[in-house]
Asker: 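One structure coming up, written as structure tokens, with questions to follow.
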Amino acid sequence: MSSKKAIKLRKRLDFKLTVFNTCAFLLMALCICTFLYFRLEHTLLKEIDRFLADETRELIGYFYNYDSVQELELIQKGFDKEILKRKFYPLHYRILNAEGKVIFGSQGTESIKTSFDDHVVKNALKRKATTDTLSLPGQRHIYLVRSTPIFIENHLTYIIQIATHLKFIEKTMNNFLRNILVAIGITLLFGALGGWLLARRGLSPISTIIKATNQITATSLTQRLLSPHSGDEIDHLVSTINDMIARLDDSFRKMAQFTADVAHELRSPLCSLKGETEVTLSQERSSVEYHSVLARNLETFNSLNKMIEDLLLLSKVDAGEKPLVVLTSLRLEKLIVNLYDLFKVLADQKSISFTLPHIEDVEMKGDKTKLQQLFSNFIDNAIKYTPSGGTIKLSLRNQGEQVHAVIEDSGIGMRDEDLPYIFDRFYRVDKSRSKATGGTGLGLSICRWIVEAHQGKIMVKSELGKGSTFTIILPKQPPLDTP
């Protein structure tokens, strides 16, 4: 069963994206439609209010021409003729005095039995019109009532109230609401479908990546995912996965090579031990001969034990463990001089000139044991690969916050193509010569780790047949926590 089918629909990313987009779209549509609904309602009510205001101004014009009640009755007859002909917005009006008592009103105003609210009087005294909505008893529709004050000789004399029902506005708003609901439903349907298609299309490269990645195993790490070259996150994801596969491929290759090298390095001395032991046991030997064989076997065992210890150290480094590096204050020039005195005897035995042309006092923090191992390996290699009559020079200089140690020899040297690999495990420039000197091919790998553990670096210069120069650069105060 494919991974796509194995995932339940509600847990799939495309389904979640579709639901999220649909909900977000629904919320946005509701907010917009709600705003439009109330905005339209407000606009329509405002237009009706303006219509009532115009009708009120027309009615007010009569009050400035007539002063008696009899004359006002003529207003009613003339005005009623006009408003009774209206079909869509019939008007009801009534005239009130300053105390709120009805003087007279149009036909049908008897149904408008509302109390004369205080806020109408308060606004009238401030020369402000008041607009209210009323639900009348026995009426299905809401009425909009506009109360306008009339001042004669700066005295509040009348209050004109004009009202009309909002039947058609209610109908308009109901139609608008139905249209909105239908539009939202259709829009959500197409929005969900479009969101689903967009999510499937956007996530289809991920399905391709999953399928291609599932086909990559430890034996097919040379395969790579095809990049869409889109410049987006998918392209970056493919590039990141390809980089990860490349690192895994490199790690697997190194692991396989390392395993093969370890097997090869251990097989030779073990076969030698087995063969020499079998030959010795094939017939009676003297005690001197047995002693000689055991001595050689012990030397081989010591060499194997040293190799195993080095391999354990390097395996811990590969596993991400931090082998103990104890930083203490030390005088590096004294450590160098002590090693010089120790190895000078070996150099003299091979007729090699071993000198200290330049040694400066250096006080620094470092792991004394590890630094002894570091310089011992470099000096020992220089002696091994320098023929009789050659020279070895060891220098130590202060360079500000750093110290530079230079080991220069006139030995066999190395080719340029060998230099990038000399710190690899079991790598030998000359395998036959290395076996003759008893090396395991791990010394320089350990040296590199020691230098890196002290936050330093190693530089190499070499020329075949003319010698090599190793420059070790170490900080005087490594940025490490002292255990």
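Not measured: the values here are computed from a predicted model. Any value given below was found using the heavy atoms of this structure, including those in side chains, with hydrogens, waters and symmetry copies removed.
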Asker: Counting only N and O atoms by type, is there a donor-acceptor contact under 3.5 Å from the side chain of Glu360 to the main-chain atoms of Asn398?
Answerer: yes

Asker: Counting C-beta onward and ignoring hydrogens, is there a side-chain heavy-atom pair between Phe375 and Ile472 closer than 4.5 Å?
Answerer: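 Heavy-atom side-chain distance check passes, below 4.5 Å.
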
Asker: So, Asp409 side chain and Ser468 main chain: donor-acceptor pair closer than 3.5 Å or not?
Answerer: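 Yes: the side chain of Asp409 pairs with the backbone of Ser468.
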
Asker: For the atom pair CD1 (Ile383) and CD1 (Ile392), what is the distance rounded to the nearest 0.5 Å?
Answerer: 5.0 Å

Asker: May I ask you to decide if Glu289's main-chain N or O and Ser292's side chain share a donor-acceptor pair within less than 3.5 Å?
Answerer: no

Asker: If you look at every heavy atom in Thr130 and Asp132, which pair is closest and at what distance?
Answerer: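 Shortest heavy-atom contact: CG2-OD2, 3.5 Å.
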
Asker: Step by step, would you call Gln373 with Thr369 a side chain to side chain contact (heavy atoms under 4.5 Å, CB included)?
Answerer: CA-CA 6 Å; Gln373 184 179 6; Thr369 302; 5.8 Å; no

Asker: Where do Asp416 and Pro420 come nearest, in terms of heavy atoms and distance?
Answerer: O-CD, 3.4 Å

Asker: List the steps and the verdict of side chain to side chain donor-acceptor pair (under 3.5 Å) for Thr391 and Ser353.
Answerer: CA-CA 5 Å; Thr391 60; Ser353 173; over 6 Å; no

Asker: Measure the CD1-NZ distance between Ile48 and Lys46 for me, rounded to the nearest 0.5 Å.
Answerer: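 One gets 13.5 Å once the value is rounded to the nearest 0.5 Å.
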
Asker: Atom NZ in Lys384, atom NZ in Lys350: separation rounded to 0.5 Å?
Answerer: 10.0 Å

Asker: Thinking salt bridges, do Glu170 and Lys167 make one under a 4.0 Å N-O criterion?
Answerer: no

Asker: Count the heavy atoms of every other residue, nucleotide or ligand shown that sit under 6.0 Å from NZ of Lys476, and state whether that count exceeds 12.
Answerer: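 Yes, the 6.0 Å shell around NZ holds more than 12 heavy atoms from other groups.
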
Asker: Heavy atoms only: give me the nearest Pro387-Ser410 pair and the separation to one decimal.
Answerer: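 Scanning both residues completely, I find the closest heavy atoms to be CD-O, 4.2 Å.
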
Asker: Indicate yes or no: at least one non-hydrogen side-chain atom of Leu144 is less than 4.5 angstrom from one of Phe51.
Answerer: no

Asker: Taking the side chain as everything from C-beta on, heavy atoms only, tell me whether Ile458 gets closer than 4.5 Å to Phe378.
Answerer: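 Yes. Closest side-chain heavy atoms under 4.5 Å.
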
Asker: Do Glu41 and Phe176 pass the side chain to side chain contact (heavy atoms under 4.5 Å, CB included) test, and can you show the C-alpha distance, the side-chain angles, and the key distance before you say yes or no?
Answerer: CA-CA 10 Å; Glu41 183 181 47; Phe176 182 69; over 6 Å; no

Asker: More than 12 heavy atoms of other residues, nucleotides or ligands under 6.0 Å from OH of Tyr290: yes or no?
Answerer: yes

Asker: For the atom pair CG (Leu45) and CE (Met173), what is the distance rounded to the nearest 0.5 Å?
Answerer: 8.5 Å

Asker: Quick check: are there more than 12 heavy atoms from other residues, nucleotides or ligands sitting under 6.0 Å from CZ of Phe168?
Answerer: yes

Asker: Of Val337, Leu335, Ile336, which meets side-chain contact (heavy atoms from CB on, under 4.5 Å) against Leu396?
Answerer: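 Single side-chain contact (heavy atoms from CB on, under 4.5 Å) partner of Leu396 among Val337, Leu335, Ile336: Ile336.
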
Asker: Quick one: do Met414 and Val460 satisfy side chain to side chain contact (heavy atoms under 4.5 Å, CB included)? Show the steps, please.
Answerer: CA-CA 10 Å; Met414 294 173 284; Val460 186; 4.2 Å; yes

Asker: Counting only N and O atoms by type, is there a donor-acceptor contact under 3.5 Å from the side chain of Asn21 to the main-chain atoms of Leu17?
Answerer: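 Confirmed, Asn21 side chain pairs with Leu17 backbone.
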
Asker: Checking the side chain of Asp361 only, and the main-chain atoms of Glu333 only, is there a donor and an acceptor separated by less than 3.5 Å?
Answerer: no

Asker: Is a side-chain N or O of Tyr340 found less than 3.5 angstrom from the main chain of Phe354, in a donor-acceptor match?
Answerer: yes

Asker: So, the side chain of Asp249 versus the backbone of Ile245: is there a donor-acceptor pair under 3.5 Å, distance only?
Answerer: no

Asker: What pair of heavy atoms forms the shortest contact from Arg285 to Ser282, and how long is it?
Answerer: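 Nearest pair, atom of Arg285 first, then Ser282: NH2-OG, 3.9 Å.
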
Asker: Classify the ring geometry between Tyr143 and His165 as parallel (under 30°), tilted (30 to 60°) or perpendicular (over 60°).
Answerer: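 Plane angle over 60°, so perpendicular.
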
Asker: Does a side-chain heavy-atom distance below 4.5 Å link Asn381 with Leu444?
Answerer: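 The answer is yes, as the side chains (C-beta and beyond) meet within the 4.5 Å cut-off.
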
Asker: Grab the two heavy atoms, one from Gln372 and one from Leu339, that are nearest each other, plus how far apart they are.
Answerer: O-CD1, 4.0 Å

Asker: Do the non-hydrogen side-chain atoms of Leu371 and Leu330 ever get within less than 4.5 Å of each other?
Answerer: yes

Asker: Does any non-hydrogen side-chain atom of Thr240 lie less than 4.5 Å from one of Met244?
Answerer: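 Met244 vs Thr240: side chains apart.
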
Asker: Are side-chain heavy atoms of Val182 and Ile186 found at a separation under 4.5 Å?
Answerer: yes

Asker: Taking atom NZ of Lys393 and atom CG of Leu356, what is their separation to the nearest 0.5 Å?
Answerer: 12.0 Å

Asker: Check whether any side-chain heavy atom of Glu463 lies under 4.5 Å from a side-chain heavy atom of Thr469, and answer yes or no.
Answerer: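 No; the side chains remain at least 4.5 Å from each other.
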
Asker: As a quick check of understanding, evaluate side chain to side chain contact (heavy atoms under 4.5 Å, CB included) for Val451 and Phe423, giving each step before the final call.
Answerer: CA-CA 12 Å; Val451 172; Phe423 293 102; over 6 Å; no

Asker: Working to the nearest 0.5 Å, report the span between CZ of Arg296 and OG1 of Thr280.
Answerer: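 Answer for the CZ-OG1 pair, Arg296 versus Thr280, is 7.0 Å.
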
Asker: How about His358: does its NE2 atom have over 12 heavy atoms from other parts shown lying under 6.0 Å from it?
Answerer: yes

Asker: If the threshold is 4.0 Å, N to carboxylate O, is there a salt bridge linking Asp243 and Arg247?
Answerer: no

Asker: Checking the side chain of His454 only, and the main-chain atoms of Asp367 only, is there a donor and an acceptor separated by less than 3.5 Å?
Answerer: yes

Asker: State, to 0.1 Å, how close Ile407 and Ala382 come at their nearest heavy-atom pair, and which atoms those are.
Answerer: CG2-CB, 4.4 Å

